[in-house]
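Heads up, the thing below is written out as structure tokens.
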Protein chains: 2
Amino acid sequence: MQTTQEAGASEPGAGERRRRELLEAADRVVLRDGPKASMNAIAAEAGITKPILYRHFGDKAGLYQALAVRHTDALLDSLRAALDAPAERRSRVESTLDTYLAAIEARPQVYRFLMHPAEDSQSSERGFDVGLHSAPLLRRLGEELAQVVGERVDLGPGGEQLARIWGHGIVGMMHAAGDWWLGERPCARADLVAGLTDLLWGRLATAGNREDGPGF
Amino acid sequence: MQTTQEAGASEPGAGERRRRELLEAADRVVLRDGPKASMNAIAAEAGITKPILYRHFGDKAGLYQALAVRHTDALLDSLRAALDAPAERRSRVESTLDTYLAAIEARPQVYRFLMHPAEDSQSSERGFDVGLHSAPLLRRLGEELAQVVGERVDLGPGGEQLARIWGHGIVGMMHAAGDWWLGERPCARADLVAGLTDLLWGRLATAGNREDGPGF
DNA sequence: TGTTGATGTTACCGGCAGTAACCCGCGGGG
DNA sequence: CCCCGCGGGTTACTGCCGGTAACATCAACA
């Protein structure tokens with residue numbers, strides 16, 4: 001076995017490499033079978049059997065979380081790049097939205113997996129800790145955006161909290177609209193981006209009522 | 001053969017009543033056990049056994065959908081009321097947001113169930129029909145809001161499509177922010193409502209940059 | 001050589017969704 | 001009066017999944 005080329009207790013990154021291989025196999029299966037990929041299928045794809053997966057990731061939620069972290073990191077890098085590009089604010093928002101939509105458009109299976117992960121863990125708690133149930137991806141995106149907004153935009157007193165509200169709100173808007181758009185494809189990506197940006201730019205407040213209808 | 005409207009056993013609508021009883025039992029179980037409620041548990045709560053549930057609802061997704069429709073209808077009624085109240089536009093938006101948040105605050109278990117229902121069905125299709133995976137509740141809310149906006153607000157040419165984009169976007173914003181808020185409770189409900197409304201009213205566009213930081 | 005520890009396997013458990021096959025009371029026709 | 005069909009109900013099963021215990025293999029080291 002070509003391994004252990006250097007003496008001592010196994011080379012430093014062997015475990016890490018193995019882990020990455022497993023994650024890539026899991027990725028392939030999830031990409032092929034959707035979120036209902038079974039541990040057996042993932043293990044088979046990786047050329048091993050279930051207990052090894054469990055030794056590496058604890059349980060299914062652990063594997064899913066590891067997968068999610070990978071993809072979320074990648075997506076966050078893209079989004080940060082768009083958010084940091086030198087341009088005026090509206091252009092940044094547009095290109096960030098477009099980056100997100102392009103990502104989910106390119107790999108809808110991955111996206112779907114990220115949005116509906118494990119759901120359970122134990123969490124048999126009372127009504128407490130109702131949180132953290134949904135996709136952690138959305139939370140991370142929301143917090144990240146909140147941080148960017150909070151440290152760059154002057155929102156006056158209480159701005160930190162307002163930034164968090166906006167961060168999660170904007171991310172949710174992006175997500176839901178993207179989800180719907182990905183399913184129905186009612187328009188080009190650019191149209192969706194423009195529409196959402198208009199919404200964020202307050203066009204709902206300034207638009208007039210229609211002559212017909214009860215008004216709004 | 002219809003029926004035997006006399007004689008105690010079956011009267012017109014008996015099936016409907018039975019169905020409602022079953023749904024109420026299912027509701028109780030879901031409220032108690034969360035989204036992982038099993039068909040066995042639901043059947044036991046209803047005082048019957050599994051196959052009857054399957055005769056009534058086909059499969060678990062069918063039961064879940066029936067439950068979801070009930071709650072979604074109820075929630076939609078509340079929201080429509082808030083949306084139709086006579087007041088200026090901003091007040092309507094605020095009271096609609098507040099109604100939604102009050103609902104999820106009052107019954108977080110029901111809310112969680114509605115947001116993460118079945119996930120599977122068969123749907124082993126290719127990349128097609130990627131849609132309708134997530135909670136149908138969000139889709140319904142989005143379409144409903146799109147309709148209200150589209151028929152009341154003058155959005156110029158292409159307004160129908162823009163209204164749909166906004167409908168789904170606003171609903172997603174409301175949902176994600178509510179989800180986060182419900183989990184962390186970082187502020188009072190009214191603060192969240194105000195923050196989101198500010199966002200929709202374009203405050204992101206008009207806010208200035210902070211002196212420190214790279215600007216936005 | 002024998003021990004130890006990592007690595008991998010088989011074989012199993014409990015629980016779930018979903019189904020097949022049986023069961024029982026009741027009304028109607030001979 | 002008896003039997004027959006039929007709708008509502010149950011028991012008992014299949015197949016799959018997540019998760020685990022116990023066993024097997026092999027390298028390195030004393």
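Note that the structure is predicted; figures quoted are calculated from it, not measured. Proteins get letters first, then strands, A, B, ... in listed order; numbering begins at 1 in each.
Between B:R55 and the phosphate of C:dA20, there is no side-chain N or O to OP1/OP2 separation shorter than 4.0 Å. Between A:R18 and the phosphate of C:dG8, there is a side-chain N or O to OP1/OP2 separation shorter than 4.0 Å.
Of the residues in residues 41-51 of chain B, B:K50, B:P51 come within less than 4.0 Å of DNA chain C through at least one heavy atom, sorted by number.
The minimum heavy-atom distance linking B:M173 with B:L199 is given by the pair SD-CD2, 4.0 Å. Residues A:L162 and B:G195 come closest through the heavy atom pair CD1-CA, 3.5 Å.
In summary, the side chains of B:H168 and A:D179 do not present any donor paired with an acceptor at a separation below 3.5 Å, with no hydrogens or angles considered.
In the helix from C:dT1-D:dA30 to C:dG30-D:dC1, the end axes, each obtained as the rotation axis mapping the C1' atoms of four pairs onto the next four within a five-pair block, lie 50° apart to the nearest 10 degrees.
Ring-plane geometry between B:Y111 and B:Y100 is classed as perpendicular, the angle between the planes exceeding 60 degrees on a 0 to 90 degree scale with a lower cut at 30.
Look at CG on B:N40: it is 13 Å from C1' on D:dT10, rounded to the nearest Å. With rounding to whole Å, B:M39 atom CE is found 10 Å from C:dT19 atom P.
For A:R140 and A:D73, the salt-bridge test passes: some basic side-chain N is under 4.0 Å from an acidic carboxylate O.
A cation-pi contact, defined as under 6.0 Å to the ring centre and within 45° of the axis, is absent between A:R164 and A:W166.
A:E143 CD: more than 12 foreign heavy atoms inside a 6.0 Å radius.
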